[in-house]
Amino acid sequence: ESEFTYYGSMGPDHWSEHYNQCAGKHQSPININDVDVIDRRYPEIKYEKFDKKPLNATMTNNGHTVQVKLIYDGQAPMVSGGPLAGKGNYEFQQLHFHWGEDNTVGSEDRINNVSFPMELHIVFRNIRYKDFAEATQRDDGVAVMAFFYEISSDQAADHDYDTFTSNLGKIEEPNSVANMDALTLFGLMPDNLSSYYTYIGSLTTPPCSEDVIWMDFNTPIGIASKLLDRFRSLKTFDGSSLTHNFRPVQPLNNRKVYRAKK
Ligand code: BO1
Ligand code: ZN
């Protein structure tokens with residue numbers, strides 16, 4: 001295994017030299033053009049335990065992103081329904097973020113060629129598969145819920161994120177871990193979950209496994225610009241700042257993007 005970065009000789013243009021799936025035809029991220037999107041009705045999404053507090057919460061600087069792991073007493077959060085209907089139950093694995101060097105870039109998927117300053121990925125695995133590695137081998141194994149951020153000066157909206165990001169200073173070094181206050185998944189998500197895009201893509205980092213079922217929610221999460229700066233001060237393996245960690249958009253090829261409406 002070789003490492004990967006977001007610039008230079010191990011940057012996204014070179015990932016497929018070491019990870020052949022990164023050259024696949026169903027890759028993520030993509031640009032979503034509203035004019036090409038197909039409206040579709042889906043069953044309601046069922047959110048289980050999204051308001052449950054974990055026993056333990058840690059954040060890790062893995063050199064590529066801030067990854068949050070949550071350990072639960074008993075059942076972890078699960079999602080089903082929506083585009084996952086008939087495929088089974090999907091259990092929470094981890095969540096993490098993608099951001100950019102300034103507020104004009106950062107999100108991975110784009111909407112009408114517009115980037116958002118940051119994107120949250122909440123990663124799920126179909127419980128019919130024994131672990132994440134096996135799930136990535138299946139076309140119904142992995143689902144990711146994606147949320148976009150927008151710059152907001154509404155301090156109240158920041159509450160969960162202020163607490164969360166105030167711990168980022170403890171994990172500036174790659175491979176460092178910090179304990180954090182227990183948070184709920186709903187606490188990080190916007191209130192309005194009624195409209196989302198969905199399409200079939202991949203993991204956005206090596207090994208770029210296909211297929212991943214993506215759900216990109218329309219309502220952005222408001223965050224203060226100064227909180228985004230805390231993400232940008234993390235360091236990567238070569239000692240430089242992790243100023244950006246989004247993969248460029250990939251060809252849509254023969255895929256369709258759907259918009260779920262209630
Ligand atoms: S993403 O949501 O498409 N950006 C994405 C990219 C990579 C992973 C997950 C989501 N990687 C995998 C690791 C596994 C790990 C799993 C769940 O995440 O390769 O080792 O088990 O945490
Ligand atoms: Zn991600």
Side-chain angles (χ1 to χ4, degrees), residues 1-6 10-12 15-16 18-24 26-30 32 54 56-72 76-79 83-84 90-100 105-110 115-127 129-149 174-175 177 185 188-189 196-217 221 231 234 236 242 244-250 255:
E1 290 247 328
S2 67
E3 268 302 335
F4 69 91
T5 63
Y6 285 95
M10 296 186 299
W15 291 355
S16 62
H18 304 278
Y19 304 92
N20 61 333
Q21 294 175 96
C22 298
H26 296 163
Q27 289 289 290
S28 293
I30 57 166
I32 296 173
N56 186 63
T58 59
M59 55 169 71
T60 302
N61 173 353
N62 64 14
H64 310 297
T65 186
V66 182
Q67 187 171 304
V68 172
K69 290 218 170 180
L70 305 172
I71 307 295
Y72 293 89
M78 285 218 291
V79 65
L84 311 176
Y90 290 72
E91 187 179 67
F92 171 74
Q93 304 293 295
Q94 48 107 336
L95 62 89
H96 62 268
F97 303 86
H98 299 268
W99 60 85
V105 290
S107 66
E108 297 214 291
D109 282 334
R110 297 177 181 215
S115 292
F116 298 81
M118 191 164 75
E119 186 172 332
L120 164 63
H121 288 162
I122 309 184
V123 182
F124 294 85
R125 182 194 102 228
N126 194 325
I127 58 170
Y129 305 122
K130 73 173 192 298
D131 56 26
F132 196 83
E134 190 191 332
T136 60
Q137 312 296 306
R138 310 298 180 122
D139 64 4
D140 59 354
V142 178
V144 182
M145 291 176 38
F147 299 91
F148 301 110
Y149 291 83
N175 292 329
V177 186
L185 296 187
L188 295 177
M189 291 160 56
Y196 59 90
Y197 301 102
T198 183
Y199 76 96
I200 304 299
S202 72
L203 297 182
T204 65
T205 67
C208 305
S209 315
E210 298 173 355
D211 289 337
V212 170
I213 303 167
W214 282 90
M215 288 171 270
D216 289 16
F217 289 80
I221 303 167
F231 288 89
L234 296 185
T236 184
L242 189 54
H244 67 280
N245 61 359
F246 61 92
R247 186 189 195 188
V249 292
Q250 304 295 307
R255 289 176 287 174

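In listed order, ligands and their atoms are each counted from 1. Index from 1, following the sequence.
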Just jot down the ligand 1 atoms closer than 4.0 angstrom to any heavy atom of [X], in number order.
X	result
W214	2 (O), 3 (O)
H96	1 (S), 2 (O), 4 (N), 5 (C), 10 (C)
H121	1 (S), 2 (O), 4 (N)

Does some non-hydrogen atom of the protein lie less than 4.0 angstrom from atom 21 (O) of ligand 1? yes
Can you name the closest pair of heavy atoms from [X] and [Y] and give their distance?
X	Y	value
V123	H96	CG2-CE1, 3.7 Å
L203	V212	N-CG2, 3.5 Å
Q21	E210	OE1-N, 4.0 Å

For the residue pair D109 / Y197, report whether a side-chain donor-acceptor contact shorter than 3.5 Å exists. no
May I ask you to list the protein N, O or S atoms found at less than 2.8 Å from the Zn ion (ligand 2)? H96 NE2, H98 NE2, H121 ND1
Could you tell me how the ring of F148 sits relative to the ring of F116: parallel (under 30°), tilted (30 to 60°) or perpendicular (over 60°)? parallel
Quick one: nearest non-hydrogen protein atom to [atom], plus distance?
atom	value
atom 19 (O) of ligand 1	P207 CD, 4.5 Å
atom 4 (N) of ligand 1	T204 OG1, 2.7 Å
atom 12 (C) of ligand 1	F132 CE2, 3.5 Å
atom 9 (C) of ligand 1	Q94 NE2, 3.6 Å

Once side-chain hydrogen bond (donor to acceptor under 3.5 Å, both in side chains) is applied, do any residues pair with S28, and if so which ones, sequence neighbours excluded? Y199, W214
For ligand 1, indicate whether the residue F124 contacts it via side chain, backbone, both or neither (heavy-atom separation under 4.0 Å). neither
For H64 together with F4, are the ring centres under 6.0 Å from each other? yes
Backbone N or O of [Y] within a donor-acceptor pair of the [X] side chain at under 3.5 Å?
X	Y	result
H244	Y6	yes
E91	M78	no
W15	M10	yes
W99	F246	no
Q250	P29	no

Just distances here: any N/O of T205 and N/O of ligand 1 closer than 3.5 Å? no
Closest to atom 10 (C) of ligand 1 by heavy-atom distance, out of L203, T136, L95, is L203
Heavy-atom gap H98 to ligand 1 smaller than 4.0 Å: yes
